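Here's the structure, in structure tokens; my notes come after.
Because the structure is a prediction, the values reported are computed rather than measured.
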Amino acid sequence: VQLQASGGGSVQAGGSPRLSCTASGGFISSYVMGWFRQAPGKEREFVSAINVVGDRIYYDDTVNGRFTISRANAENTVYLQMNSLKPEDTAVYYCGADATGQPYESGSYIYWGQGTQVTVSS
């Protein structure tokens, strides 16, 4: 499965971009899907995840209430709606497919997208 993330860019604080992650060569309907991010000099950290049918959703406390994850299995795509962005949200955002049912752990993910840069200016 190949994952392609898109939708990043440079935005001002308070902005609301939407990231997309589209799969090819396989179907996301088999996987819990998640978003992680990595800021310069920091480790990759969990942002959000969603189970196969979309009725179990997980958020890191730093984004809960501002970000919304969703999925469209028929479109083979996962989304991350980002609202009320802050400069500290600046990072490369990665989507991934979780194979072992531990959505908070990056090591649980077996497929990763290439990442999309989100830069938030104050």
Side-chain angles (χ1 to χ4, degrees):
V1 178
Q2 291 80 46
L3 301 175
Q4 179 74 40
S6 62
S10 296
V11 298
Q12 290 193 331
S16 301
R18 186 178 75 163
L19 306 184
S20 299
C21 174
T22 300
S24 59
F27 299 100
I28 67 166
S29 56
S30 299
Y31 303 97
V32 170
M33 298 297 294
W35 288 94
F36 284 68
R37 65 186 180 186
Q38 188 167 16
K42 296 187 177 181
E43 295 187 352
R44 191 172 297 191
E45 64 179 15
F46 172 80
V47 174
S48 182
I50 184 169
N51 73 339
V52 170
V53 296
D55 62 353
R56 295 190 69 178
I57 291 176
Y58 313 85
Y59 294 106
D60 183 76
D61 288 344
T62 60
V63 306
N64 195 22
R66 300 188 297 123
F67 292 9
T68 302
I69 192 171
S70 61
R71 65 190 296 158
N73 289 340
E75 300 172 6
N76 233 10
T77 300
V78 178
Y79 302 98
L80 186 69
Q81 177 66 50
M82 310 166 70
N83 296 327
S84 302
L85 280 177
K86 305 175 182 179
E88 51 264 43
D89 294 317
T90 295
V92 178
Y93 284 73
Y94 298 91
C95 61
D98 169 28
T100 67
Q102 300 179 69
Y104 294 100
E105 303 297 330
S106 62
S108 181
Y109 289 72
I110 59 170
Y111 300 112
W112 289 100
Q114 85 289 0
T116 184
Q117 175 73 46
V118 176
T119 302
V120 185
S121 59
S122 58

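If you chain together hydrophobic residues whose side chains sit under 4.5 Å apart, V118 and Y79 never meet in one group. V11 and Y93 fall within the same hydrophobic cluster, defined by Ile, Leu, Val, Met, Phe, Trp and Tyr side-chain heavy atoms under 4.5 Å apart, directly or through other members. By the criterion of side-chain heavy atoms lying less than 4.5 angstrom apart, applied directly or through intervening Ile, Leu, Val, Met, Phe, Trp or Tyr residues, I110 is grouped together with V1 in one hydrophobic cluster. A continuous path of ILVMFWY side-chain contacts below 4.5 Å connects L80 to L85, so both sit in one hydrophobic cluster. Tracing side-chain contacts under 4.5 Å through hydrophobic residues (I, L, V, M, F, W, Y), one never reaches Y58 starting from V78; they form parts of separate clusters.
Contact check for E45 versus D60: no side-chain heavy atoms found under the 4.5 Å cut-off. Two residues are said to be in side-chain contact when any heavy atoms from C-beta on lie closer than 4.5 Å; L3 and M33 meet this criterion. Between R37 and T90, the closest side-chain pair of non-hydrogen atoms is not below 4.5 Å.
Here NZ of K86 is found 13.5 Å from OG of S122. Values are rounded to the nearest 0.5 Å. Between atom CD1 of residue I57 and atom CD1 of residue I50 there is a gap of 4.0 Å, rounded to the nearest 0.5 Å. Atom CZ of R71 sits about 7.0 Å away from atom CG of N51, to the nearest 0.5 Å. Summarising the geometry, atom OG belonging to S48 is positioned 12.0 Å from atom CD belonging to Q81; distances are rounded to the nearest 0.5 Å. Interatomic distance, S106 OG to D98 CG, rounded to the nearest 0.5 Å: 10.5 Å.
Ring centroid separation for the pair Y59 and F67 does not come in under the 6.0 Å cut-off. The ring of Y94 has its center no closer than 6.0 angstrom to the ring center of Y109.
Minimum heavy-atom separation, G8 to L19: N-CD2, 3.6 Å. Here the shortest heavy-atom pairing between V32 and V52 reads N-CG2, 4.1 Å. The minimum heavy-atom distance between A49 and P103, with the atom names listed, is CB-CB, 3.6 Å. Closest heavy-atom contact between G101 and S108: N-OG, 3.8 Å. The minimum heavy-atom distance linking V47 with V63 is given by the pair O-CG2, 3.5 Å. Between F36 and E105, the shortest heavy-atom distance links the atoms CZ-C, 4.0 Å.
With a 6.0 Å radius and a threshold of 12 heavy atoms from other residues, nucleotides or ligands, Y104 has its OH atom above the threshold.
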The test is side chain to side chain contact (heavy atoms under 4.5 Å, CB included); show your working for S6 and T116 and say whether it passes.
CA-CA 6 Å; S6 62; T116 184; 5.5 Å; no

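In this structure, the salt bridge (charged side-chain N to carboxylate O under 4.0 Å, His left out) partners of R66, at least two apart in sequence or on a different chain, are D89.
Contacts classified as side chain to side chain donor-acceptor pair (under 3.5 Å) and involving residues 18-35 (residues at least two apart or in different chains) are given here: T22-T77.
Checked by atom type and distance alone, the side chain of Q114 pairs as donor or acceptor with a backbone atom of A5 at under 3.5 Å.
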